[in-house]
Structures are given as structure tokens and as C-alpha cells.
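What follows is a set of notes on a single structure, which appears directly below.
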Amino acid sequence: MDIETVRTFVAVADAGQFQEAAIDLRITQQAVSKRMANLERSLGVTLFVRTARGARLTLDGQAFLPHSRELLRVAERATASVRPGERALRVDVLNRRIAPAVALQNFYRAHPGAELDVVTLSDADAGTAIEAVRAGEIDATFRAVPLPARELPDGILVERALDDPLQLLAGPSHPLAAARSLTPADLTGHRVWIPGIRRGTEWAAYYDELTEAFDLRIDAIGPNFGTEALLDAIVDSADLATLVGAGDRYIWPATHDLRRIPIHGPTPVYPHSFVRRADNPHPTLTALRRHLAAARPPTAAEVWAPSWASLRA
């Protein structure tokens, strides 16, 4: 059933005249008459009694009217669900516990009326997430982007949004557990376990450069059973540790007594970029970008980032 025909039926019912409905809809009276004739033919009933004073609903027309109004309401809700400014802003984060997700939560606290839909394309690398932005499936994504600008799809903008300093996360029996801070050189020779690194992803590109720069031993062996399993393994190990972002939010039992140890001299940072379409008019997108720019902390004096991150500085 054509929605414009239903809209015309409701307009005639409300106006009581074909001519007045035509004026309201900004179409000709002939077009109104043709739509109503086609609708009555398709339904097999008479909806209006035509009189010299206008159009009066028949019993069938009266029965059809409330359902027609509901059809129009449903159609409007469907349209609003994908219309920028009337639907929630859809933003992708790789994990709900990492720094970008925390940044989105802080944005919502500062803008409690904002319509925000946080999604997680957890198995997607940067290329897949960027394609989802290009296709309009999401409005934006937080990703490390190792691609040069010339390899990005047309109309895609990438802005360096959040540099998250790395910390060593270790259990109480680890040799470095008592340190107040560490240098990257202090990690040389220690086993840093980050399971589930997939070749070809942006996080694999990051750790490849990190290990080469500081002669680190990053172990990616084994499946990724999730954060809880990783933390359980670390707490019971005297030689196993992992890397987390300073802005990441992880929770563990107090009995784990895990230690988050800052790394300085230099401070390795994971460069989260904000990826969006240049032509996206969603008003909340503009507010979010302004919030991210205002909330971005000053860059530390001595920072290490992968070579490709400088393209987004």
C-alpha cells in the first residue's frame, strides 16, 4: 500500500473536501481524486460519500481511518530512525572498556540529552570499520588508522582524537610489581602476553612497531578468552604481564592485587583516531568532536607513537 495514498486519504478525511486536501498536500484535486479511486478499488470498498458539500466518510472509511493514522505514525518513526538529527548518533568502539568508550561516557555525562548509540564492531579491523562509516551503517568509529590519507575512501575524514598511554599490568609476584614506574627498556626480556593479535589489523601494526622500537617480547600465542581470563592468568603468574591503556577501565576482584604501572621515558601511546564522513550533518557529531577536542589532555613531554600515527597529529 502506497504511503502517500494513505496520507492523502487522511488529509481528505480531516479536511472533508478533496479540494482542501489537495491544497494541504500541494497537489492537484485531480491527483487526490485519482489516488482515492485507486485506493477504493484496491480495497474493494467505498471510503467516501461524495456530496455537494464535500466528502463524508462511509462506515468502511471510518474503520479504515485509525489504522491509516497508525500507518503514518509508523512510517514517520521509520524515517526518523535513519534521519540525522532525529535518530541517535551511532558510534563504534572496539571494546566497551577501553579509553574511547570512557570518552563517550564522559561526553554523555556532559550532554545528558544527547541521543547516543554506542555499538561494538568487535571483530572488525580499521578497514572494515571505515567501510561501515562510508556506507552509513555507523556515524563514526574510534580506531588506530595505519592507512595513509590517499588510501582512504573518498569523503572519509580521520582525526587524531585520543592518545592513550600504555601501562604494564602485572600480578603481585611479578618481578616488576613493586615498581612505581617503568621505562620501555625495563620491559626487555619480560614476557608481555597479548593473546588474539590478528595479522593485518591496526593493533598488530601497532605492536609490530612497538616491539621493534624497544626490543620487547610480546606473546600473542593462544586464543583470546576475554579480559577476565587474561587477568586470572596474570594474577597467578610470576613472569606474565600485559599492556593496558591508562584510560582503559578494567575491574578485577580485590584479591587479585594487580598492579597498573605507568611507563615513561618515553611513554608509548596508542593513537585512537576519530573517523567520520565529511558530509554527515548529524548535530550530535559536531558536539562530540568539540567535546573530544576540549577534553584531549596535553601531550606528554616524551611520547612514542608508531610512525603512521604522525599522519593524524
Please determine whether residues [X] and [Y] belong to a single hydrophobic cluster, defined as Ile, Leu, Val, Met, Phe, Trp and Tyr linked transitively by side-chain heavy-atom distances below 4.5 Å.
X    : Y    : result
I23  : F18  : no
L230 : V192 : yes
Y108 : I138 : no
Y250 : V93  : no
L104 : L162 : no

Which distance, rounded to the nearest 0.5 Å, do you find between the [atom1] of [X] and the [atom2] of [Y]?
X    : Y    : atom1 : atom2 : result
H256 : L169 : NE2   : CG    : 10.0 Å
L187 : T211 : CG    : OG1   : 12.0 Å
S173 : I234 : OG    : CD1   : 11.0 Å
L47  : Q62  : CG    : CD    : 11.0 Å

Around atom [atom1] of [X], are there more than 12 heavy atoms of other residues, nucleotides or ligands at under 6.0 Å?
X    : atom1 : result
E151 : CD    : yes
E209 : CD    : yes
R290 : CZ    : no
D279 : CG    : yes

Keeping the roles fixed (side chain from [X], backbone from [Y]), state whether a donor-acceptor pair exists under 3.5 Å.
X    : Y    : value
D139 : L89  : no
W252 : D232 : no
R260 : G245 : yes
R276 : F274 : no
H111 : F107 : yes
D24  : A21  : no
S181 : I263 : no
H282 : T284 : yes
D257 : P172 : no
R259 : A170 : no

Quick check: do [X] and [Y] have side-chain heavy atoms less than 4.5 Å from each other?
X    : Y    : value
Q167 : I261 : no
L57  : F9   : yes
V91  : L288 : yes
I130 : V145 : yes
N224 : I194 : no
R143 : S273 : no
L166 : T267 : no
H291 : N106 : yes

Using 4.0 Å as the upper bound for N to carboxylate O, is an ion pair formed by [Y] and [X]?
X    : Y    : value
R50  : E40  : yes
D2   : R35  : no
R73  : E76  : no
D14  : R69  : yes
D117 : R90  : no
E228 : R97  : yes
D208 : R199 : yes
D163 : R296 : yes

For [X] and [Y], does a side-chain donor sit closer than 3.5 Å to a side-chain acceptor?
X    : Y    : result
R53  : Q17  : no
D92  : T141 : yes
D239 : S237 : yes
T120 : R96  : yes

### Query
Which atom pair, heavy atoms only, marks the closest approach of R160 to P271?
NE-CB, 3.5 Å
### Query
Taking the inter-plane angle between the rings of W308 and Y206 on a 0 to 90° scale, is it parallel (under 30°), tilted (30 to 60°) or perpendicular (over 60°)?
perpendicular
### Query
Can the ring centroids of W203 and Y270 be said to lie less than 6.0 angstrom from one another?
no
### Centroid-centroid under 6.0 Å between H272 and F142 rings
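No: the rings miss the under 6.0 Å criterion.
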### Task
Check the pair R249 / V102 against side chain to side chain contact (heavy atoms under 4.5 Å, CB included), numbers first and verdict last.
CA-CA 8 Å; R249 184 175 296 165; V102 176; 3.4 Å; yes
